[in-house]
Asker: 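Attaching a single structure in structure tokens format; questions to follow.
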Amino acid sequence: MTAKEFFASAKQIEYKGPSSEDPLSYRWYNKDEVILGKKMSEWLKFSVCYWHTFRGTGLDPFGTHTLDRPWYSIDRTDIPYAEIVEYCKARVDAAFEFFTKLGVEYYTFHDRDVSPELATLAETNQLLDEVTDYMLRKQQATGVKLLWGTANLFSAPRYAQGAGTSCEFDVYATAAAQVKKAMDVTHKLGGSAYIFWGGREGYASLLNTNIRKELDNMAALFKMAVAYKEKIGATFTFMIEPKPREPMKHQYDYDAQTVIGFLKTYSLDKDFKLNIEPNHTTLAGHEYVHDILVSAEYDFLGSIDCNTGDPLVGWDTDQFLMNDRDATLVMMVVLKMGGFTAGGLNFDCKVRRESTDLEDMFISHVGSMDCFAKGLRMAAHIQSRGRLSGLLEQRYTSWTGSEAKGVVGGAATFEELEQYVIGLGAKLQTVRARSGKQELFERVFADECDTALVEVGKKHHQ
């Protein structure tokens, strides 16, 4: 039976170049164009998320649903099992039609995005198996691949006080069983990574919280996951996604440095990397690219949920990034580390509740894909030119002397540095750090971004 067409009026999105004024075309993303030795599609590895895109309803704390879709955005379990299977598969059809018309190669999902929880674990798993078997057939037919899977351990009422950190053992055991099954289907679908996001792993009050016990239990869950991954022969990479708060007042995976510290404390640092969402980073009080850069510098960056937030709103708004300078900063990090391995750029983003047309789903993704493609072009230009990296290297030239090299190599002692300072004599009174040249760095960054786009325009018109 032929699948229903959900986006009948939508055509395949094509690259039309920088001069295009068609919002349903790519101006900067030319997937097969080679930049610094790789195709743009390989550098960017765009992925569409299942939850916001096919389960989003426009609901917010102050208003009800605004997005009416031609598929079931809200699950129903009060109907016969066969009808549940049918609407879940129809939703899969809508998703893969969207992926292929958009021209992305990857997608991501939570277990409960694709099929609902039923009365028993056995029934729930049977339904998930049936739907993900259908997803596997769609992958084989379209060539679209699973970037990563995960378990939703935050929506069900049982997880109101945490899953892997719950005070109730039955809740903890249920979470473990759910993770096991989500790992099974991620493995079946060939996912490159498996994500843990601890939306309820934290506290609302310290008075009723045993932090050490909860973190020990969370680490135990991760160690069971590592053991089970080996048992089933899975090759996906485990990743943890940091977030400082919301829905909990404080989440244990606060930011990149907090998660890295946790992983090292529990000897899990060889088994996990990080999935960074910049909207979470800014909620933690950091600059947009901070957690991406920190993770990459310590070889923990696995993937990026490439969204943004609104600085005037105090919660996680999951908006599509349209700021090409932020995208450039992201892609500078990605280029420096040689590109993604298990991860990619996943659009953990949702259209605004006022953007009610199906067309808006395409416009938003196309716009943000172009934003990151533009960022890639500018980042490649900046890296190739070397002006910015040269300025950065120059700022730290005092660390090339023999005494400084001793510090870097771990051989220096307090006594040696004391003798070095004594040797400075009266020069000590003039010891100062040189100008930080922040404005020069900002000017060079802006100039190089502008120059990159001029050169692209010239090539396009040749």
Side-chain angles (χ1 to χ4, degrees), residues 36 215 219 237 239-240 242 244 252-276 278 280-282 284-302 304 326 328-341 343 379-380 382-445 448:
L36 298 182
L215 287 172
T237 301
M239 301 183 193
I240 296 177
Y252 293 135
D253 51 7
Y254 192 91
D255 61 7
Q257 287 168 281
T258 302
V259 174
I260 292 170
F262 168 86
L263 292 173
K264 287 185 174 292
T265 296
Y266 289 99
S267 301
L268 289 162
D269 52 303
K270 305 303 180 186
D271 299 298
F272 284 78
K273 291 194 179 293
L274 274 60
N275 179 50
I276 299 300
H280 295 174
T281 302
T282 53
H286 305 311
E287 287 194 26
Y288 184 86
V289 79
H290 173 89
D291 272 1
I292 293 172
L293 180 59
V294 167
S295 300
E297 288 291 333
Y298 290 91
D299 195 27
F300 276 96
L301 182 59
I304 299 172
D326 282 343
T328 302
L329 292 170
V330 171
M331 295 314 300
M332 286 170 64
V333 177
V334 174
L335 288 179
K336 184 180 178 182
M337 73 176 193
F340 295 106
T341 303
I382 289 169
Q383 180 173 297
S384 298
R385 290 263 292 164
R387 287 182 68 196
L388 207 57
S389 59
L391 286 172
L392 187 62
E393 184 178 349
Q394 185 179 358
R395 188 170 183 234
Y396 292 91
T397 52
S398 70
W399 284 87
T400 59
S402 59
E403 293 84 4
K405 288 180 178 179
V407 173
V408 175
T413 65
F414 274 172
E415 292 84 356
E416 291 172 344
L417 295 183
E418 181 184 44
Q419 288 303 310
Y420 172 77
V421 175
I422 289 172
L424 293 175
K427 291 181 180 178
L428 176 63
Q429 300 306 313
T430 62
V431 169
R432 299 287 188 277
R434 289 168 293 173
S435 171
K437 298 290 184 182
Q438 178 178 330
E439 296 79 9
L440 176 60
F441 277 81
E442 292 169 344
R443 171 63 191 268
V444 170
F445 174 70
E448 293 294 275

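In this text, all values refer to a predicted model and were calculated from it rather than measured experimentally.
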Asker: With sequence neighbours excluded, tell me which residues meet side-chain hydrogen bond (donor to acceptor under 3.5 Å, both in side chains) with E439.
Answerer: none
Asker: CG/L392 to CZ/F441 distance, rounded to the nearest 0.5 angstrom?
Answerer: 5.5 Å
Asker: Check L268 against A219 and note the closest heavy-atom contact, atom names and distance.
Answerer: CD1-O, 4.2 Å
Asker: For V408, which residues count as a side-chain contact (heavy atoms from CB on, under 4.5 Å) partner, sequence neighbours excluded?
Answerer: W399
Asker: Where do A404 and S398 come nearest, in terms of heavy atoms and distance?
Answerer: CB-O, 3.8 Å
Asker: Go through Q257 and D291 one step at a time and tell me if the side-chain contact (heavy atoms from CB on, under 4.5 Å) criterion holds.
Answerer: CA-CA 8 Å; Q257 287 168 281; D291 272 1; 5.7 Å; no
Asker: In Å, rounded to the nearest 0.5 Å, how long is the span from CG of L388 to CZ of F445?
Answerer: 7.5 Å
Asker: If you look at every heavy atom in D299 and K273, which pair is closest and at what distance?
Answerer: O-NZ, 2.8 Å
Asker: Using every non-hydrogen atom in the two residues, find where L263 and F300 come nearest and quote the distance to one decimal.
Answerer: CD1-CE2, 3.9 Å
Asker: Does some side-chain heavy atom of F262 sit less than 4.5 Å from a side-chain heavy atom of L215?
Answerer: yes
Asker: Just grab all the salt bridge (Lys or Arg N to Asp or Glu O under 4.0 Å) pairs involving residues 393-418, residues at least two apart or on different chains.
Answerer: none
Asker: Output the distance between atom OG (S389) and atom CD1 (I382), rounded to the nearest 0.5 Å.
Answerer: 10.0 Å
Asker: For the residue pair A296 and M337, what are the closest heavy atoms and their distance?
Answerer: CB-SD, 4.5 Å
Asker: Could you check whether the rings of H286 and H290 sit parallel, tilted or perpendicular, using 30° and 60° as the cut-offs?
Answerer: parallel
Asker: Run I276 and V294 through side-chain contact (heavy atoms from CB on, under 4.5 Å) and show every step you take.
Answerer: CA-CA 10 Å; I276 299 300; V294 167; over 6 Å; no
Asker: Can you list everything that forms a ring-ring contact (aromatic ring centres under 6.0 Å, His included) with F340? Sequence neighbours excluded, please.
Answerer: none
Asker: How many angstroms lie between atom CZ of R443 and atom CD of Q438, to the nearest 0.5 angstrom?
Answerer: 15.0 Å
Asker: Does the side chain of I260 come within less than 4.5 Å of D269's, by heavy atoms?
Answerer: no
Asker: So, using side-chain contact (heavy atoms from CB on, under 4.5 Å) as the criterion, who are the partners of Q383 when residues are at least two apart?
Answerer: L36, L335
Asker: Just how far is it from atom CZ of F272 to atom OH of Y266, taken to the nearest 0.5 Å?
Answerer: 13.0 Å
Asker: Enter the distance from L274:CG to T237:OG1 here, rounded to the nearest 0.5 Å.
Answerer: 12.5 Å
Asker: Can you check side-chain contact (heavy atoms from CB on, under 4.5 Å) on L301 and I292, steps first, answer last?
Answerer: CA-CA 7 Å; L301 182 59; I292 293 172; 3.8 Å; yes
Asker: For a side-chain contact (heavy atoms from CB on, under 4.5 Å) check, start with the C-alpha distance between L293 and L329, then their side-chain angles and the critical distance, and finish with the verdict.
Answerer: CA-CA 9 Å; L293 180 59; L329 292 170; over 6 Å; no
Asker: Where do P242 and H280 come nearest, in terms of heavy atoms and distance?
Answerer: O-ND1, 2.8 Å
Asker: List the residues meeting ring-ring contact (aromatic ring centres under 6.0 Å, His included) with Y298, not counting sequence neighbours, and say none if there are none.
Answerer: none
